[in-house]
Amino acid sequence: MTLDALHNRLAAFLTNLECLDIAGQRDALVSEIVETGGRYDAPPETPHALHLFEISLHGVSASGADEADAFRAWKRAAHTMTFEGAQAEA
């Protein structure tokens with residue numbers, strides 16, 4: 001897959017996410033991770049786990065203290081890379 005195709009898929013995915021409620025966005029993210037070989041790493045379920053939730057999809061990685069925080073961070077980073085980066089190139 002070329003970088004341009006990856007970038008276009010990411011932009012389309014982000015645009016589609018905005019049409020969904022939070023539960024739908026989570027389901028779409030998980031499906032996209034499975035379909036494209038992304039990563040979703042949750043911390044171990046132990047009382048003193050120091051690990052963060054981590055998401056890596058379409059060349060964008062982010063982490064957070066909980067799943068919702070990681071998802072918000074991933075969306076911000078993906079949006080910045082896709083839409084703000086495209087504006088800077090123009």
Side-chain angles (χ1 to χ4, degrees):
M1 180 178 293
T2 67
L3 187 57
D4 188 48
L6 178 64
H7 184 75
N8 290 338
R9 182 168 177 141
L10 176 57
F13 180 67
L14 287 171
T15 300
N16 290 335
L17 278 182
E18 298 308 316
C19 300
L20 303 171
D21 63 9
I22 296 300
Q25 288 184 12
R26 185 197 181 281
D27 290 346
L29 180 75
V30 170
S31 294
E32 191 77 359
I33 288 169
V34 170
E35 290 174 14
T36 64
R39 290 188 53 125
Y40 172 89
D41 296 317
E45 294 184 20
T46 59
H48 303 292
L50 299 176
H51 182 74
L52 298 172
F53 281 82
E54 298 176 6
I55 297 171
S56 182
L57 177 63
H58 295 308
V60 179
S61 297
S63 60
D66 58 26
E67 181 181 63
D69 188 39
F71 185 40
R72 282 189 300 272
W74 183 87
K75 286 194 308 184
R76 276 192 311 271
H79 190 273
T80 298
M81 185 175 107
T82 302
F83 298 113
E84 294 177 15
Q87 290 173 356
E89 291 175 5

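Since the model is a prediction, treat every value here as computed from it, not as a measurement.
Applying the side-chain contact (heavy atoms from CB on, under 4.5 Å) test to A73 and every residue at least two apart in sequence or in another chain returns A62, R76. Legend: residues meeting side-chain contact (heavy atoms from CB on, under 4.5 Å) with D41, ordered by chain and number and at least two apart, are R39, H51, E54. Residues satisfying the side-chain contact (heavy atoms from CB on, under 4.5 Å) test with A77, not counting sequence neighbours, are V60. Checked against side-chain hydrogen bond (donor to acceptor under 3.5 Å, both in side chains), S61 has the following partners two or more places apart in sequence or in another chain: S56.
Closest of all the heavy-atom pairs between I33 and Y40 is CD1-CB, 3.9 Å. Heavy atoms only, all atoms of each residue included: G64 and A70 are closest at N-CB, 3.6 Å.
Sorted by first and then second residue, the salt bridge (charged side-chain N to carboxylate O under 4.0 Å, His left out) pairs involving residues 24-37 (not counting sequence neighbours) are R9-E32, R9-E35, R26-E67.
Taking OG1 of T36 as the reference point, atom CG of L57 lies at 4.5 Å (rounded to 0.5 Å).
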Between side-chain atoms of residues 11-19 and protein atoms elsewhere (two or more places apart, or another chain), which donor-acceptor pairs fall under 3.5 Å?
residue : atom : partner : partner atom : Å
T15     : OG1  : A11     : O            : 2.9
N16     : ND2  : A12     : O            : 3.3

*Start with the C-alpha distance between L10 and M81, add both sets of side-chain angles, then the distance that settles side chain to side chain contact (heavy atoms under 4.5 Å, CB included), and finish with yes or no.*
CA-CA 10 Å; L10 176 57; M81 185 175 107; 3.7 Å; yes
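Counting only heavy atoms from C-beta outward, the side chains of P43 and F53 approach each other to under 4.5 Å.
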